[in-house]
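The figures that follow rest on heavy atoms only: side chains count, while hydrogens, waters and symmetry mates do not. Letters A, B, ... are given to chains in the order of the sequence lines, protein chains preceding strands, and every chain is numbered from 1.
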Amino acid sequence: MAGLEVHIGDLKLKNPVMTASGTFGYGTEYADFIDLGRLGGIFVKGTTLAPRQGNDYPRMAETPSGMLNAVGLQNKGVDYFVEHLYPVIKDYDTHMIVNVSGSTVEDYVACAEKLADLDKMPAIELNISCPNVKEGGMAFGTSCQSAAQVTREVRKVFPKTLIVKLSPNVTDVTEIARGVEDEGADAVSLVNTFLGMAIDVESRRPKLSTITGGLSGPCIKPIAIRMVWEVFHAVKIPIIGMGGICNWQDAIEFILAGATAVQIGTYNFIDPAASVKIIDGIHDYLERHQIASVNDLVGKMIVQ
Amino acid sequence: MAGLEVHIGDLKLKNPVMTASGTFGYGTEYADFIDLGRLGGIFVKGTTLAPRQGNDYPRMAETPSGMLNAVGLQNKGVDYFVEHLYPVIKDYDTHMIVNVSGSTVEDYVACAEKLADLDKMPAIELNISCPNVKEGGMAFGTSCQSAAQVTREVRKVFPKTLIVKLSPNVTDVTEIARGVEDEGADAVSLVNTFLGMAIDVESRRPKLSTITGGLSGPCIKPIAIRMVWEVFHAVKIPIIGMGGICNWQDAIEFILAGATAVQIGTYNFIDPAASVKIIDGIHDYLERHQIASVNDLVGKMIVQ
Amino acid sequence: MQVLDFTVRSNETLNDQNHLIKVAPAGNEVLPEMQPGQFVQILVDNSPHVFLRRPISINFVDKEKNEIWLLIQKVGEGTEKICAIPEGGTMNLIYPLGNSFTLPERKGKYLLVGGGVGTAPMLFLGKEMKERGIDPEFLLGGRSSKDILQRSDFERYGTLHCTTEDGSLGEKGYVTHHSVLKEKKYDYIYTCGPKPMMVAVAKYAHDHGIECEASLENLMACGFGACLCCVEKTVRGNICACTEGPVFNINQLTWLD
Amino acid sequence: MQVLDFTVRSNETLNDQNHLIKVAPAGNEVLPEMQPGQFVQILVDNSPHVFLRRPISINFVDKEKNEIWLLIQKVGEGTEKICAIPEGGTMNLIYPLGNSFTLPERKGKYLLVGGGVGTAPMLFLGKEMKERGIDPEFLLGGRSSKDILQRSDFERYGTLHCTTEDGSLGEKGYVTHHSVLKEKKYDYIYTCGPKPMMVAVAKYAHDHGIECEASLENLMACGFGACLCCVEKTVRGNICACTEGPVFNINQLTWLD
Ligand SMILES: Cc1cc2nc3c(=O)[nH]c(=O)nc-3n(C[C@H](O)[C@H](O)[C@H](O)COP(=O)(O)OP(=O)(O)OC[C@H]3O[C@@H](n4cnc5c(N)ncnc54)[C@H](O)[C@@H]3O)c2cc1C
Ligand SMILES: Cc1cc2nc3c(=O)[nH]c(=O)nc-3n(C[C@H](O)[C@H](O)[C@H](O)COP(=O)(O)OP(=O)(O)OC[C@H]3O[C@@H](n4cnc5c(N)ncnc54)[C@H](O)[C@@H]3O)c2cc1C
Ligand SMILES: Cc1cc2nc3c(=O)[nH]c(=O)nc-3n(C[C@H](O)[C@H](O)[C@H](O)COP(=O)(O)O)c2cc1C
Ligand SMILES: Cc1cc2nc3c(=O)[nH]c(=O)nc-3n(C[C@H](O)[C@H](O)[C@H](O)COP(=O)(O)O)c2cc1C
Ligand code: FES
Ligand code: FES
């Protein structure tokens with residue numbers, strides 16, 4: 001039996017396959033399709049201090065091998081999460097990790113503080129890379145200084161595993177990764193969506209109400225893998241890789257590039273059982289190649 | 001008859017459809033397929049001061065809706081171009097524009113100087129965004145300061161139309177665009193390829209000899225359009241847009257976002273006659289929508 | 001909700017744009033309970049440009065034959081490819097999705113208004129009503145006679161009124177101009193079709209104090225509540241059209257504001 | 001070079017992996033002159049994952065029927081989709097591409113060595129030789145008997161030697177172990193197949209002072225000299241395999257360095 005267990009900070013994941021924030025609801029949406037207990041972890045929807053209505057419709061446009069979204073962090077706020085959602089999901093047989101978003105450092109800190117108290121919430125993912133909100137969001141993730149600052153402040157109030165989710169919309173992702181590592185992040189996850197845009201040529205209007213939105217799906221995979229590989233050579237903390245993963249081959253590609261674990265995002269919409277198939281696929285790959293543990297593959301792309 | 005003529009600096013293009021450097025050879029490669037005289041212009045292969053062998057094989061990997069390349073500016077050098085290629089192509093009934101690349105500012109300047117002397121060479125495109133060479137290349141295009149510097153120095157020796165080709169691998173493309181505008185660039189072209197990577201999971205080796213390479217094709221279109229739109233609102237000089245254009249709809253999308261002209265790149269490989277079909281398609285679109293000139297569409301995406 | 005492979009039992013070309021496709025579970029699994037108004041998400045194979053699934057209403061459920069009917073209009077590459085699947089071919093569905101029309105608890109005058117391919121869910125709804133002892137009336141609109149699809153099927157379950165823009169069938173004009181709307185007083189209107197038509201119907205219902213439900217066709221990425229892309233602005237804020245819709249009581253919507 | 005739609009006249013399944021597809025210009029255009037060693041670039045429709053065209057050798061040209069034959073091994077999505085095009089279906093080609101094998105000017109002993117689907121261009125080459133009054137010998141290798149394709153076609157143009165890895169046809173082992181290589185002295189060897197095989201053949205030819213040409217299968221984006229992706233490292237530097245190849249004299253290559 002090939003070993004699938006991996007560690008991210010204090011988190012022990014039964015396997016390296018998790019689902020990406022904003023693409024998997026609170027897990028419950030997928031309970032009809034898969035046994036949630038098989039997953040390494042579930043990153044729940046981006047959660048903010050105050051409730052948010054998100055952006056206006058239309059929020060979605062299909063693009064070649066991908067999609068743009070402009071959801072804009074629609075959620076009922078952290079208090080609602082703590083009171084009504086956490087009690088439902090806390091007993092799932094997998095790690096539930098909240099993706100924390102905000103417009104100010106104070107927002108992030110207040111939100112993280114409330115989540116720190118929850119017994120069964122072993123980690124949070126700081127979303128400093130959402131391209132779909134007017135204030136804050138991606139702005140935090142595209143400057144080294146503000147990325148470091150928000151990490152530092154949240155670190156003070158959140159003693160459990162702190163994952164910082166990086167934006168790919170930057171010249172040098174390693175700089176930001178090192179910045180948040182220095183401030184005590186236990187892991188980085190990457191990539192969030194790329195800022196993109198689409199226009200309906202007949203109506204001459206933008207396809208999204210917000211004009212620009214976040215690009216995800218297989219189209220971004222080559223760039224995401226490059227960034228994971230760059231970050232792997234820049235930091236010591238583990239990396240959670242994502243961006244267009246559809247099958248076990250894609251997942252292995254990220255792992256070889258340096259990801260200790262992966263998240264499946266947009267492809268869940270197309271095949272709600274994709275994550276579980278990917279776990280099986282990684283397992284079979286390890287057996288076929290007689291590799292004892294998936295950890296032995298992390299960053300092990302053969303150069304020369 | 002809808003008007004297709006557009007101006008880029010001193011250049012009068014009979015229509016806004018040109019072909020992208022590195023994807024169209026010296027035009028001759030396509031002479032069997034189309035009447036080259038129909039094109040608005042042809043950007044010939046990246047040319048450097050000294051001859052270059054380019055990178056080792058393999059230089060190409062297919063990706064979802066796109067491809068990675070690592071050609072690495074293989075070319076016979078500017079002197080060979082001037083002596084052997086220019087005489088062949090100078091009488092084509094379209095604008096031939098050399099894409100000038102280099103590793104040092106001196107290289108760019110020396111190369112531009114030699115081209116400035118050629119009668120039928122009305123413009124050059126400064127490639128400060130090639131991700132496939134070890135030194136220089138993209139490094140110039142990802143820092144505002146070096147982009148400005150190389151533009152300034154080349155401007156001194158090249159009095160004709162100077163187009164600077166921007167890299168998309170940056171946090172803020174408008175900053176670079178403004179930088180080169182300030183130094184006297186007559187136009188900017190964008191985008192060059194995105195730095196990406198792919199791994200063969202069975203052999204565990206990178207698919208490119210250089211590990212990373214440049215991503216092009218429809219996959220990058222949404223990001224490219226967003227960048228054109230951003231730059232359109234940041235500079236006054238005209239923009240030549242590109243990135244994944246396959247058909248007239250894509251071309252119109254770039255024009256609505258702010259491009260005065262477009263370049264067709266990777267898709268030439270799949271349909272060598274694509275550029276001419278796109279010219280016809282734009283013409284028909286203008287007629288159908290009763291728009292007198294393509295200039296009336298530039299940046300005219302309707303917001304609200 | 002489940003993901004299941006279906007076999008195309010038949011694929012009938014109704015006119016140049018529309019196909020009626022009947023599918024049954026490939027493994028002969030017995031179909032679950034489904035409600036009128038619900039939809040399926042179809043995986044589009046073999047298309048270089050279609051990445052996401054395509055939502056299509058359940059047009060009819062034939063319990064005896066264990067078949068789902070899908071009425072599909074070709075408007076782009078996704079629907080083109082779906083309509084090109086031959087008899088015997090496979091189609092992967094996520095289903096059943098969404099809420100449903102409110103089925104009547106008591107007798108009354110029910111009008112089911114469909115425009116274009118928006119007539120699709122009305123057939124299933126009409127059948128369910130008929131089985132509950134209600135005689136629904138249908139009011140279907142299209143550009144011309146050939147666009148009013150499945151007429152004999154509709155007639156099996158209730159009275160059929162039609163409008164066509166060119167007057168080639170029924171009354172000339174739009175559905176909201178049909179004389180029955182002036183002559184009769186309905187208790188409940190259900191509608192599905194192009195947005196402008198539904199808005200006009202909603203306005204009529206609102207003005208006449210008639211309860212009205214509309215089935216929306218918002219753009220969807222997942223179809224089962226995971227992406228929050230399909231939201232409709234309602235009096236309760238942004239609500240997912242794929243889970244809390246596609247059917248909304250028009251009182252919930254902000255169309256008439 | 002031209003871009004042209006072809007009609008699939010027949011699509012024959014040779015074994016679990018290989019198809020022989022015969023195509024003719026859809027508009028009945030007369031085929032241009034083509035040379036053995038040249039190839040076509042096939043547009044792969046209906047595949048979400050295949051973006052670039054796929055290069056395939058010209059297996060044979062039937063001038064009378066105005067047909068090109070393509071011998072295709074299914075190794076991934078592109079070749080799978082090509083092999084799935086039914087009789088009567090359409091295939092868009094850019095052709096003819098590349099240089100060609102040097103056709104003999106004088107009599108002599110010519111050996112054509114093919115491995116796997118690399119036998120494809122050898123049939124066309126053999127036919128052209130035969131028509132020039134030369135009797136080529138073929139040496140074909142595969143894993144087992146069923147992998148040695150088009151045997152009767154080859155036998156029409158020359159003597160056929162075979163090796164199979166399992167010994168089910170001809171001699172057991174690899175082509176370079178075949179006894180004819182020990183028994184006979186050839187003047188010229190042409191080869192196409194998996195790289196390790198071609199390197200072994202090149203080494204044999206080199207060691208025995210035999211002229212040798214090999215047809216390469218480098219990864220290609222365009223196929224007509226525009227992208228510079230397909231380069232082979234030669235004694236003259238990086239050279240495009242699609243225009244100055246795919247056929248190279250082994251003296252030009254750096255394989256044996
Ligand atoms: C709940 C629901 C039920 C539906 N039921 C049916 C049905 O029973 N039969 C049927 O034929 N269609 C139905 N539709 C619409 C159908 O999903 C779309 O026509 C289809 O997704 C278009 O895909 P395509 O690839 O063919 O076209 P695309 O190439 O994606 O689009 C072609 C054009 O149609 C527009 N378009 C695409 N989808 C929509 C949409 N949902 N709303 C408005 N404009 C759109 C695009 O903007 C574009 O202009 C339903 C939609 C929903 C949400
Ligand atoms: C000039 C030329 C002539 C050719 N002639 C024939 C022919 O007559 N018949 C035939 O069946 N094939 C031929 N090939 C090979 C054929 O082009 C590839 O097998 C095909 O492109 C693979 O496409 P795919 O989508 O099926 O596989 P993919 O999914 O693209 O690839 C499947 C696997 O095959 C590998 N692969 C793909 N292409 C190549 C290649 N060119 N070289 C080495 N490995 C590769 C990939 O790395 C991958 O591991 C020729 C290639 C060239 C360059
Ligand atoms: C509809 C949608 C909503 C998303 N919402 C969030 C979010 O709330 N927080 C976040 O950090 N990332 C969000 N993401 C980004 C994904 O988590 C992921 O980083 C990205 O989609 C890239 O992975 P993929 O290509 O596998 O989808 C969202 C993505 C999509 C498509
Ligand atoms: C094979 C290949 C070679 C290229 N070579 C050059 C080059 O020499 N100089 C340059 O500025 N851009 C080069 N490019 C980038 C293109 O000109 C273009 O900017 C990019 O491919 C995006 O457009 P596309 O998606 O339409 O291809 C090359 C692209 C490809 C695919
Ligand atoms: S379509 Fe994804 S939530 Fe409705
Ligand atoms: S494949 Fe493009 S140059 Fe050879």
(Q) Less than 4.5 Å to any heavy atom of chain D: does that hold for the side chain of B/T28, its backbone, both, or neither? (A) neither
Q.
Using every non-hydrogen atom in the two residues, find where D/M1 and B/E29 come nearest and quote the distance to one decimal.
A. CE-O, 3.6 Å
Q: Flag the one option from B/A61, B/A273, B/P272 with the top tally of heavy-atom pairs under 4.5 Å to chain D.
A: B/P272
**Q.** Contacting moiety of B/F33, where chain D heavy atoms sit under 4.5 Å
**A.** side chain
Q) Is a side-chain donor or acceptor of B/Q74 paired with a backbone partner of D/L228 at a separation under 3.5 angstrom? A) no
Q | Heavy-atom check, side chain of B/M67 versus side chain of D/C227, under 4.5 Å | A | no
Q: Of all the heavy-atom pairs spanning B/M60 and D/M220, show the shortest one and how long it is.
A: CE-O, 3.1 Å
**Q.** Considering all heavy atoms, the nearest D/E217-B/Y57 contact
**A.** O-OH, 4.5 Å
Q) Based on non-hydrogen pairs under 4.5 Å, which of B/P64, B/S65, B/A31, B/P58 is most in contact with chain D? A) B/S65
(Q) So which atom in D/N238 and which in B/G54 form the shortest heavy-atom distance, rounded to 0.1 Å? (A) ND2-O, 4.1 Å
Q: Output the option from D/Q2, D/E232, D/R53 having the highest count of non-hydrogen pairs under 4.5 Å with chain B.
A: D/R53
Q. How far apart are the closest heavy atoms of D/R236 and B/Q53, and which atoms are they?
A. O-NE2, 4.4 Å
Q) Does the side chain of D/L219 reach to within under 4.5 Å of the side chain of B/K207, using non-hydrogen atoms? A) no
Q) What distance do D/I94 atom CD1 and B/D271 atom CG have between them, rounded to the nearest 0.5 Å? A) 7.5 Å
Q.
If I compare all heavy atoms of B/D56 with all of D/K233, which pair ends up nearest, and what's the gap?
A. OD1-NZ, 3.9 Å
Q.
Over 60° means perpendicular and under 30° means parallel, so tell me whether D/F51 and B/Y267 are parallel, tilted or perpendicular.
A. tilted
Q: Drop me the distance from D/H49's NE2 to B/T63's OG1, to the nearest 0.5 angstrom.
A: 11.5 Å
Q. Considering only heavy atoms, which portion of B/Y26 lies under 4.5 Å from any heavy atom of chain D: side chain, backbone, both, or neither?
A. neither
(Q) Tell me whether the count of non-hydrogen atoms from other residues, nucleotides or ligands lying under 6.0 Å of NZ in D/K74 goes above 12. (A) yes
Q) chain B heavy atoms under 4.5 Å from D/N92: which part of the residue, side chain, backbone, both or neither? A) neither
